[in-house]
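Remember, predicted model here, so these are calculated numbers, not experimental data. Counting convention: from 1, in listed order, for ligands and their atoms alike. Values reported hereafter were calculated over all heavy atoms of this structure, with side chains retained and with hydrogens, waters and symmetry mates removed.
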Amino acid sequence: MLQVGVIGTGMIGQDHIRRMTSVLAGVRVTAVSDVDMAVAASAGARVGAPAFESGEALIEDPSVDAVVVCSWGPTHEQYVLAAIAAGKPVFCEKPLATTQEACLRIIEAEAAHGGRLVQVGYMRRYDASYRALKAVLGTGQIGAPLMMHCAHRNASVPGFYEKEMAITDTAVHEIDMVRWMFDDEITAVRVLTPRRSSLGGQLQDPLMLLFELSSGVLVDVETSVNIRYGYDIRGEIVGEEGTASLGSQSPVHVRRAGLSSDLVPADWRERFLQAYDVEFQEWIDALRATGQPAGPSAWDGYAAAAVSDAGVAALRTGERIPVVLTERPKLYAAEVAA
Ligand code: NAD
Ligand code: ISE
């Protein structure tokens, strides 16, 4: 049984505690921590896990074999570094850290440890629709890919959400997905700002991002974070001989009164419910079998941060911003993403 300590017991922390307690096999939540002690205490009480006063104390505790970090992005680096220092595997929700420099510090610490400990929560790689899309691409039936059109729509976002978060917090999922889907790196980013939605107050929403890949494939991503009607994730690849797109997520299709309708998920928890389950079960199984994670690595976290930083610069300047990655350390040499 893998004994897990969870740092950050807000929305996604509680959801991951629920799945590790009630859905998945081979795992038990043995400790929780949050800067808000009351939140941690109530999340821990629901599953019989003690609440620790600090993330560092949780990491050091012998009841914890592996750590899950679900606190706010700017706090990820400190906990991931502490877990590496303790020699414990750590699953970190995206982003790995909020700057590429911080991601490089994590890579340096993991390389000094001499083996993989870190996995980043890019769950789209575990989603049945994205996996099916990648499989179709792999068969060559639509020919060589030329372009991909993506949309990432949230019904609404919290008040603290700022315009750059459309890149660093939202489109960062497409950044990782695109690298994985095409086994390729993003080499430049542009960001356009369409007419502003009145539903987002002063927020510059939506955005239109354009990624260039080293193969020449172009990927456009619309982020709309106040779309109201639901959570809508789209992706269509245009190949030389055909197209392939993510299927409908609706469990039921209704036709009545001259109208045809599908259900639209409310948010990421509903849309990616199964992807998170598969992501965590594979993480647990890999740790129990080999002691090491096999999913998105600290290198993937760094590469996503480098593209995201370029996106923020493109948004600020209106320019096309190239993405320059550092040399890939040997530890990550065998990974699929080129
Ligand atoms: P949230 O605000 O609901 O929860 C975050 C929790 O972290 C809060 O309870 C807060 O008190 C706690 N916290 C803040 N600073 C802390 C610190 N220094 N130490 C310990 N706890 C601290 O936010 P959320 O929506 O649950 O997001 C948390 C993380 O998960 C973010 O990095 C976010 O990007 C990521 N996330 C990922 C997905 C996904 O689809 N993979 C979805 C949502 C959120
Ligand atoms: C949130 O943090 C997530 O990761 C969701 O998957 C994404 O859709 C949302 O835009 C982010 O704020």
Report task. May I ask you to check whether W268 has an N/O atom sitting below 3.5 Å from an N/O atom of ligand 2? Result -> no
Requested in this report: Check the pair Y302 / T326 against side-chain hydrogen bond (donor to acceptor under 3.5 Å, both in side chains), numbers first and verdict last.
Outcome: CA-CA 10 Å; Y302 156 71; T326 188; 5.0 Å; no
Requested in this report: Select one of side chain, backbone, both or neither to describe which atoms of K94 lie under 4.0 Å from any atom of ligand 2, heavy atoms only.
Outcome: side chain
Query raised in the report: Ignoring hydrogens and geometry, is there a side-chain-to-backbone donor-acceptor pair from H76 to S71 under 3.5 Å?
Result: yes
Query raised in the report: Do any heavy atoms of F272 fall under 4.0 Å from ligand 2?
Result: no
Report task. Please write down residue, atom name and distance for the protein heavy atom closest to atom 39 (C) of ligand 1. Result -> Y276 OH, 3.3 Å
Requested in this report: Do me a favour and list the nearest non-hydrogen protein atom to atom 4 (O) of ligand 1 with residue, atom name and distance?
Outcome: G10 CA, 3.2 Å
Query raised in the report: Are there more than 12 heavy atoms of other residues, nucleotides or ligands under 6.0 Å from atom CD of E270?
Result: yes
Query raised in the report: Can you tell if the side chain of S129 reaches within under 4.5 Å of the side chain of R271, non-hydrogen atoms only?
Result: yes
Query raised in the report: So does E162 have more than 12 non-hydrogen atoms from other groups sitting under 6.0 Å from CD?
Result: no
**Report entry** Whether S33 lies under 4.0 Å from ligand 1, heavy atom
**Finding:** no
Requested in this report: If you have a sec, work out which protein heavy atom is nearest atom 10 (O) of ligand 2 and how many Å separate them, to one decimal?
Outcome: T170 OG1, 2.7 Å
Report summary line: heavy-atom search around atom 25 (O) of ligand 1 in the protein gives M11 CB, 4.0 Å
Requested in this report: With atom 18 (N) of ligand 1 as the reference point, say which of Y122, Y79, W268 has the nearest heavy atom.
Outcome: Y79
Query raised in the report: Under 3.5 Å, N or O to N or O, is G8 touching ligand 1 that way?
Result: no
Report task. Using modelled atom types only, decide if a donor and an acceptor are shared between the side chain of T9 and the backbone of A43 within a distance under 3.5 Å. Result -> no
Query raised in the report: Taking the six-membered ring for Trp, are F280 and H16 parallel (under 30°), tilted (30 to 60°) or perpendicular (over 60°)?
Result: tilted
Query raised in the report: Which one of V307, L210, I167, V221 satisfies the side-chain contact (heavy atoms from CB on, under 4.5 Å) criterion with V189?
Result: V307
Query raised in the report: Would you say D184's side chain and S215's backbone share a donor-acceptor pair under 3.5 angstrom?
Result: yes
Report summary line: min-distance protein heavy atom vs atom 9 (C) of ligand 2 -> N154 OD1, 3.2 Å
Query - Per atom 16 (C) of ligand 1, closest listed option by heavy atom (V35, V69, T9) - result: V35
Query raised in the report: Under a 4.0 Å N-O cut-off, is there an ion pair linking R234 with E222?
Result: no
Query raised in the report: How far is atom 15 (N) of ligand 1 from its nearest protein heavy atom, and which residue and atom name does that atom have?
Result: W72 CE3, 3.6 Å
Query raised in the report: Is atom NZ of K163 surrounded by more than 12 heavy atoms (other residues, nucleotides or ligands) closer than 6.0 Å?
Result: no
Query raised in the report: In the protein, which heavy atom is nearest to atom 37 (C) of ligand 1, and how far is it?
Result: E93 OE1, 3.2 Å
Report task. Check the surroundings of atom CD in Q292: do more than 12 heavy atoms from other residues, nucleotides or ligands lie under 6.0 Å from it? Result -> yes
Query raised in the report: Are the side chain of R131 and the backbone of R125 linked by a donor-acceptor contact shorter than 3.5 Å?
Result: yes
**Report entry** Proximity winner for atom 4 (O) of ligand 2, if only heavy atoms of M165, H173, M123 are counted
**Finding:** H173
Query - Non-hydrogen side-chain atoms of I12 and W268 separated by less than 4.5 Å - result: yes
Query raised in the report: Heavy atom of F272 under 4.0 Å from ligand 1?
Result: no
Report summary line: re atom 7 (C) of ligand 2, the protein heavy-atom contact at minimum distance is H152 NE2, 3.4 Å
Query raised in the report: Counting heavy atoms only, which of P95, S71, P74, G73 is nearest atom 29 (C) of ligand 1?
Result: S71
Query raised in the report: Is D169 close to ligand 1, meaning an N/O of one under 3.5 Å from an N/O of the other?
Result: yes
Report task. Considering the heavy atoms of G121, write down every atom of ligand 1 situated less than 4.0 Å from one of them. Result -> 41 (N)
Query raised in the report: What is the nearest protein non-hydrogen atom to atom 11 (C) of ligand 2, stated with its residue, atom name and distance?
Result: D169 OD2, 3.2 Å
Report summary line: A student checking ligand 1 against M123 at a 4.0 Å heavy-atom cut-off should list atoms 40 (O), 41 (N)
Query raised in the report: Side chain of E110, backbone of V118: donor and acceptor closer than 3.5 Å?
Result: yes
Query raised in the report: Given K94, M165, R269, which one has a non-hydrogen atom that is nearest to atom 33 (C) of ligand 1?
Result: K94
Query raised in the report: Out of curiosity, is H76 lining ligand 1, as in a heavy atom under 4.0 Å away?
Result: yes
Report task. Show which atoms of ligand 2 fall inside a sub-4.0 Å distance from at least one heavy-atom site of Y231. Result -> 5 (C), 6 (O), 7 (C), 8 (O)
Query raised in the report: D277 and Q281: side-chain hydrogen bond (donor to acceptor under 3.5 Å, both in side chains), yes or no, with the steps?
Result: CA-CA 6 Å; D277 288 350; Q281 191 63 66; over 6 Å; no
Query - Min heavy-atom dist C70 to ligand 1 below 4.0 Å - result: yes
Query raised in the report: Can you tell me if CD on Q274 sees more than 12 non-hydrogen neighbours from other groups inside 6.0 Å?
Result: no
Query raised in the report: Who's the nearest protein heavy-atom neighbour of atom 9 (O) of ligand 1, and how far?
Result: D34 OD2, 2.7 Å
Query raised in the report: Non-hydrogen atoms of Q14 versus ligand 1: any pair closer than 4.0 Å?
Result: no
Query raised in the report: Can you find an N or O of I12 that's nearer than 3.5 Å to an N or O of ligand 1?
Result: yes
